[in-house]
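A short write-up of the structure that comes next.
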Protein chains: 4
Amino acid sequence: MSTTRNGAAFAFRLDADSGVPVYRQLIDQVTGSLAAGSLAAGNQLPTVRQAAVDLAINPNTVMRAYRELEIRGILETQQGTGTFISRQKSKRPDAERQRQLSQLVSDFLARAGAAGFTVEELLEQIHDPYADRPKNRR
Amino acid sequence: MSTTRNGAAFAFRLDADSGVPVYRQLIDQVTGSLAAGSLAAGNQLPTVRQAAVDLAINPNTVMRAYRELEIRGILETQQGTGTFISRQKSKRPDAERQRQLSQLVSDFLARAGAAGFTVEELLEQIHDPYADRPKNRR
Amino acid sequence: MSTTRNGAAFAFRLDADSGVPVYRQLIDQVTGSLAAGSLAAGNQLPTVRQAAVDLAINPNTVMRAYRELEIRGILETQQGTGTFISRQKSKRPDAERQRQLSQLVSDFLARAGAAGFTVEELLEQIHDPYADRPKNRR
Amino acid sequence: MSTTRNGAAFAFRLDADSGVPVYRQLIDQVTGSLAAGSLAAGNQLPTVRQAAVDLAINPNTVMRAYRELEIRGILETQQGTGTFISRQKSKRPDAERQRQLSQLVSDFLARAGAAGFTVEELLEQIHDPYADRPKNRR
DNA sequence: GTGGTCTAGACCACA
DNA sequence: GTGGTCTAGACCACT
């Protein structure tokens, strides 16, 4: 419904089990995508209502995330048009990006450990995701 | 006092900027360390009080994390003695285990890809999950 | 407000003289009511605050009980909405289930026999588990 | 090692999962057995050391239970000889007995419910404990 | 000295 | 209004 200038739709993705507050996940995804380059100045974000419907959350939660990003100068709201990435550069993209990477990975390791997997198994699976390996297991 | 029985120190770290609840960070670090192999069955964890002092948090917060891990069967506590990693009874069948591993990894890769991280960055972070972060202490 | 969706009121009771921790009594009453059929999947439990007021205990104590039940998969909580009995996913094989039932019952009978209770007394109490006790409120 | 006058040994039995403090379980078993008639005035109890060894608990815990029973006038300690049930009648055996029955049963129901059994299944098993009934199950 | 239970009360996240 | 996180601090159970 809202497409970015390069033709790819930007969409949020929630993880209900991560322990990270929803509004925080939304903020992180915008700043992260900015750092990664998948969002750029001028791109439009999903409307508050659309995001709320897509994610099955309360519009207030989306609004809160957008408001905080606006306060930080990352977003700009144009009444009656939508919400867009502002032209101003984000101040510390590297630190943010590193924090996100770190969290993503430690979260991944935490889940794997809780399920009894080792790093070795994970790496093997990452390198060869479609191999069927019913043996090699005890 | 600061070393476990096998001579390796286990210590928690907190990231005050992540938005993840403290008790949840503790839980994730235990299960993550299990996957990484830096914690193994029988190892003693820091005492509730010691961890609370080290992290400058309330003992109740540590206890809450430990209790949740105990309910999940990952820890065993011995009143008056301490808290230990329990011997895992992972009696899951191989097929289901493989399916879960595959799911876990593809989820992770999808999430990381959406955030614009390369596999190289991920692998580097997995190998040294706590490196490179300027301020992650409370 | 004091009735669940199916019209039957569910209420906790405390026995201050039993020596059993309050949060544990709450947990046991939920699981016990599941066995007795007075609670079923989808039923709403008293809100944390309401139960705390009714029992004259701290809301944190109620929340602790609810949380433990949630970790065990017996409850589901919805932020801002309430706490509900979850639909059970008991995918246990029949043989193991029967073995567990048998173990549970013979344990119970052994314990009761050692304490000098007759089967008649036990059956009567099972049919009306909360009858006949002069002072069991806090 | 210590036998009662009617030839049957009195032995304690602990339940680590019930949530009831150990010292309290010991007290309850003495008062319960008195009410049930399996212990009578003059009977000797296990020595503190013997009970501690048998139950794999700390002697202090046994001592505490015995001390409280002595304060209540239920036990008498004879230096160098052992610990015996005193001749004085316990004040409210019925209420105590009813409390124990109630706790025993609600504990039983709580465990059964947590494991997904219904009262019907329990009653069936109690009435016919050795029947194999692999069918009738979904 | 270890973990365990409970309270009182503040502030946050979400519908 | 609902549940969720955290603190400070008291007192208990056990080794």
Side-chain angles (χ1 to χ4, degrees), chain A residues 14 16 19-26 52 55-65 68, chain B residues 1 14 16 19-27 44-53 55-68 70 75-84 138, chain C residues 1 14 16 19-26 44-52 55-68 70 75-84 138, chain D residues 14 16 19-26 52 55-65 68:
Chain A
L14 287 186
V20 183
V22 171
Y23 84 95
R24 180 61 184 262
Q25 292 188 44
L26 301 181
L55 302 171
I57 60 178
N58 194 293
N60 289 331
T61 305
V62 182
M63 218 149 56
R64 171 170 176 184
E68 180 158 337
Chain B
M1 201 142 290
L14 289 182
V20 181
V22 170
Y23 85 94
R24 177 63 187 261
Q25 293 187 44
L26 301 182
I27 290 173
Q44 182 171 8
L45 288 177
T47 67
V48 169
R49 288 156 162 85
Q50 189 59 48
V53 167
L55 301 171
I57 60 177
N58 192 289
N60 284 331
T61 304
V62 180
M63 204 147 60
R64 175 173 176 182
Y66 281 11
R67 168 156 273 262
E68 180 154 343
E70 191 183 11
L75 293 188
E76 278 170 16
T77 65
Q78 297 177 20
Q79 263 232 20
T81 309
T83 305
F84 303 84
R138 273 207 148 192
Chain C
M1 198 144 289
L14 290 182
V20 180
V22 171
Y23 84 95
R24 178 64 187 262
Q25 293 187 44
L26 300 182
Q44 182 172 7
L45 289 177
T47 68
V48 169
R49 287 156 164 84
Q50 190 58 48
L55 301 171
I57 61 177
N58 192 289
N60 284 331
T61 304
V62 180
M63 202 145 61
R64 176 174 177 182
Y66 280 10
R67 166 156 274 262
E68 179 153 346
E70 190 182 12
L75 291 188
E76 278 170 15
T77 65
Q78 297 177 21
Q79 263 232 19
T81 309
T83 305
F84 303 83
R138 270 206 150 195
Chain D
L14 287 185
V20 183
V22 171
Y23 83 97
R24 179 61 186 261
Q25 292 188 44
L26 300 182
L55 302 171
I57 60 177
N58 194 294
N60 287 331
T61 305
V62 182
M63 217 147 57
R64 174 171 175 183
E68 181 158 334

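So you know, we letter chains A, B, ... as the sequences are listed, proteins then strands, and number each from 1. Hydrogens, waters and symmetry mates play no part in the numbers below; they use all other heavy atoms, side chains included.
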What does the inter-axis angle of the helix from E:dG1-F:dC14 to E:dC14-F:dG1 come out as, five pairs per end, nearest 10 degrees? 20°

Test item: B:E76 side-chain N/O and B:E70 main-chain N/O as donor-acceptor pair under 3.5 Å: no

Just by distance, do the side chain of B:Q44 and the backbone of B:G82 share a donor-acceptor pair under 3.5 Å? no

Where the side chain of [X] is defined as all heavy atoms beyond and including C-beta, which of [options] is the nearest nucleotide?
X     : options              : answer
A:Y23 : E:dC6, F:dC6, E:dA13 : E:dA13
B:M63 : E:dG3, F:dG3, E:dT5  : E:dT5
C:Q79 : F:dA13, E:dC6, F:dG3 : F:dG3
C:I57 : F:dG4, E:dG4, E:dT7  : E:dT7
B:T77 : E:dC6, E:dG4, F:dC14 : E:dG4
C:T61 : E:dT7, F:dC14, E:dG3 : E:dT7

Atom [atom1] of [X] to atom [atom2] of [N]: distance rounded to whole Å?
X     : N      : atom1 : atom2 : answer
C:L45 : F:dT2  : CG    : C1'   : 14 Å
A:E68 : E:dC14 : CD    : P     : 12 Å
B:L55 : F:dC6  : CG    : P     : 12 Å
B:L26 : F:dT5  : CG    : C1'   : 13 Å
C:R64 : F:dT5  : CZ    : C1'   : 15 Å
B:R67 : F:dG4  : CZ    : C1'   : 18 Å
A:Q25 : E:dC14 : CD    : C1'   : 14 Å
B:Q44 : F:dT15 : CD    : P     : 16 Å

Please determine if a side-chain N or O atom of B:T83 lies less than 4.0 Å away from the OP1 or OP2 oxygen of E:dG3. yes

On DNA chain F, nearest-nucleotide positions of D:A56 versus C:T47: which is more 5'? C:T47

First of D:V22 and C:Y66 reached from the 5' end of DNA chain F, by closest nucleotide: C:Y66

Comparing nearest nucleotides in DNA chain E, the 5'-proximal residue of the pair C:T81, B:Q78 is B:Q78

Comparing nearest nucleotides in DNA chain E, the 5'-proximal residue of the pair B:G82, C:P21 is B:G82

Quick check: closest heavy atoms across [X] and [Y], and the distance to 0.1 Å?
X     : Y     : answer
A:P21 : B:G19 : CD-O, 3.3 Å
D:N58 : D:A52 : C-CB, 4.2 Å
B:Y66 : B:P46 : OH-O, 2.7 Å

Thinking salt bridges, do B:E68 and C:R67 make one under a 4.0 Å N-O criterion? yes

Gap separating the [atom1] atom of [X] from the [atom2] atom of [Y], nearest 0.5 angstrom:
X     : Y     : atom1 : atom2 : value
B:L75 : B:T83 : CG    : OG1   : 6.5 Å
C:L45 : C:T77 : CG    : OG1   : 11.0 Å
C:T61 : C:R24 : OG1   : CZ    : 15.5 Å

Below 3.5 Å is the cut-off: list the nitrogen or oxygen pairs between protein and nucleotides 9-11 of chain F, distance only.
from	atom 1	to	atom 2	distance (Å)
F:dG9	O6	B:N60	ND2	2.8

Test of understanding: with side-chain contact (heavy atoms from CB on, under 4.5 Å), list the residues that count as partners of B:Q79, not counting sequence neighbours. none

